[in-house]
Protein chains: 2
Amino acid sequence: MMTEKKKPPIPFFEGLSAQQQRDMFAVGISKTAERGQKIFFDGDRATGFYIVLSGKVKIYKLAPEGKEQILHVFGPGEPFGEVPTFANDVFPVHAQAVEKTNLLFFPRESFLGQIRQDPDLAMGMLATLSRRLLHMTKLVESLSLQNVSTRLAAYLVQLSEAQKQAATVRLDINKGQLASLLGTVPETLSRALNRLTNQNLIKVQGRQITIINRAGLDEWEETGL
Amino acid sequence: MMTEKKKPPIPFFEGLSAQQQRDMFAVGISKTAERGQKIFFDGDRATGFYIVLSGKVKIYKLAPEGKEQILHVFGPGEPFGEVPTFANDVFPVHAQAVEKTNLLFFPRESFLGQIRQDPDLAMGMLATLSRRLLHMTKLVESLSLQNVSTRLAAYLVQLSEAQKQAATVRLDINKGQLASLLGTVPETLSRALNRLTNQNLIKVQGRQITIINRAGLDEWEETGL
DNA sequence: TGTGCGCCTTGACTTAAATCAAGAATCGAA
DNA sequence: TTCGATTCTTGATTTAAGTCAAGGCGCACA
């Protein structure tokens with residue numbers, strides 16, 4: 001029986017016709033990475049890029065002393081590694097599977113061929129890169145201009161929004177990882193959660209976080225206090 | 001006499017034929033901004049993007065209390081504002097002329113038309129956005145993983161590299177602005193310069209900085225001490 | 001040749017967050 | 001169900017960097 005892999009929607013390919021998408025998938029090479037397995041290393045030459053079919057991949061930098069800063073966690077449908085692939089450069093980050101992950105690998109050359117034939121493909125990619133860039137802009141803003149509690153509040157609001165405004169959200173990564181994503185350490189995150197809890201803005205039960213006072217969180221976001 | 005404006009090479013338009021480039025310039029609208037003049041504000045709807053012909057433009061975010069974080073300083077030949085223009089969004093940042101600046105403005109619609117006809121133009125944009133993204137990635141990295149002296153050392157090394165490995169580099173922005181670009185305040189930058197000076201790594205004379213011990217600077221970059 | 005104004009530096013102090021160290025809670029597997 | 005290992009929390013301490021306040025330097029311009 002030919003069981004087809006479920007294909008998550010791939011924003012990268014949004015706006016492409018069904019035929020174009022089939023063409024793209026045709027040049028992709030299926031790969032698998034186990035939990036904890038490195039997909040590429042900071043400094044590796046980029047011979048192509050990846051799209052996550054299932055599982056999760058974290059993209060991170062390593063400081064000399066070993067502390068890591070997670071830049072992204074990519075899930076199904078999300079591409080990574082396109083940037084250095086395009087610029088014909090080396091990967092500027094590490095990539096590691098957070099759990100068992102299925103990937104599609106697009107070798108640089110075959111992809112370039114596709115793009116030349118197909119301007120719309122390039123358009124879709126441009127949209128994706130734009131969105132990514134916007135995201136980085138916001139990350140820089142929050143890292144440099146806001147304190148940890150503010151960043152946390154913003155993260156929770158955004159998470160709630162992503163989950164259809166649910167008052168109770170569930171972290172999809174553990175708190176240590178969340179700390180790294182917010183550019184801090186677990187201890188500090190723990191204290192930030194306390195601060196918001198003490199102000200009756202949220203309630204924390206493990207990975208489950210209930211937003212008690214959404215307006216109050218927004219306030220934090222804006223004023224930084 | 002028809003004095004032609006000097007046209008800096010525009011990476012964006014690299015790979016276009018002379019005719020294509022003329023077409024592009026034809027749809028560009030010439031604008032001027034005086035020193036200190038705002039070009040657009042965070043939140044403005046993006047109706048098009050700009051290319052710097054001469055002068056300098058800083059792109060920055062503002063914290064609620066007024067502190068600014070500079071994201072980029074763009075000089076001749078560099079485009080800015082394409083991202084939200086492309087995503088049909090609002091500008092996520094402020095743009096201000098650091099000095100008297102000549103600009104070319106490309107309205108969204110006319111540019112989109114060009115792009116559709118011209119895959120190479122799209123390729124150029126992809127490369128530009130990729131580079132931008134790389135830059136932002138590095139900015140995030142340095143903001144979150146490194147102390148001010150380390151960021152400063154990295155900046156100086158990079159600047160020296162940009163100026164053909166010159167041992168003596170000249171800051172093209174004042175120290176207050178540099179502080180903001182490095183995600184700090186003038187006082188802290190001043191002290192960071194002292195630290196590097198005391199270790200005999202650099203010599204500072206106003207905006208002129210001489211790199212005495214390049215290897216030592218690299219060391220700082222890597223070890224963060 | 002002042003003098004007024006940015007720009008920069010310095011010192012004293014405060015503060016947010018990192019680090020260090022110890023324990024609790026949670027979870028999974030034998 | 002108990003052991004072991006992560007993961008998380010808490011308290012004490014240190015540290016980098018921000019803030020506040022004052023003064024100096026350089027320079028354009030009258």
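- In this structure the side chain of B:Arg35 never reaches within 4.5 angstrom of the side chain of B:Lys100, judged on heavy atoms.
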> Step by step, would you call A:Glu78 with A:Lys56 a salt bridge (Lys or Arg N to Asp or Glu O under 4.0 Å)?
Replying inline: CA-CA 10 Å; A:Glu78 296 184 294; A:Lys56 262 195 279 287; over 6 Å; no
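- When rounded to the nearest whole Å, the span between CD of A:Gln208 and P of C:dC27 equals 12 Å.
- A:Arg151 has its CZ atom 13 Å from the P atom of C:dA16, to the nearest Å.
- Considering every non-hydrogen atom in both B:Ser149 and B:Arg195, the closest pair reads OG-NH1, 3.1 Å.
- Here C:dG6 presents its C1' atom at 17 Å from CG of B:Leu178, a figure rounded to the nearest Å.
- Rounded to whole angstrom, the span from the CZ atom of B:Arg195 across to the P atom of C:dT10 amounts to 13 Å.
- Residues satisfying the side chain to side chain donor-acceptor pair (under 3.5 Å) test with A:Thr101, not counting sequence neighbours, are none.
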>> Go through it in stages, so that I can follow the logic: the residues are A:Thr150 and A:Asn147, the test is side-chain hydrogen bond (donor to acceptor under 3.5 Å, both in side chains), and I'd like the CA-CA distance, side-chain angles, deciding distance and then a yes or no.
In response: CA-CA 5 Å; A:Thr150 308; A:Asn147 63 34; 2.6 Å; yes
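- In this structure, A:Gln146 atom CD and C:dA17 atom P are separated by 11 Å, rounded to whole Å.
- One can place CG of B:Leu143 at 15 Å from C1' of D:dG18, the figure rounded to the nearest angstrom.
- We find the CD1-CG distance between B:Ile29 and B:Leu103 to be 12.0 Å, quoted to the nearest 0.5 Å.
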Please tabulate the protein-to-nucleotide N/O contacts below 3.5 Å involving nucleotides 7-14 of chain D, giving atom names and distances.
unit_1, atom_1, unit_2, atom_2, d
D:dC8, OP1, A:Lys175, N, 2.8
D:dC8, OP2, A:Lys175, N, 3.3
D:dC8, OP2, A:Gly176, N, 2.9
D:dT9, OP1, A:Lys175, NZ, 3.2
D:dT9, OP2, A:Ser190, OG, 3.3
D:dT9, O5', A:Ser190, OG, 3.3
D:dT10, OP2, A:Asn194, ND2, 2.7
D:dG11, N7, A:Arg191, NH2, 2.4
D:dG11, O6, A:Arg191, NH2, 3.2
D:dA12, N6, A:Arg191, NH2, 3.4

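- In this structure, B:Leu182 places its CG atom 15 Å from C1' of D:dA16, rounding to the nearest Å.
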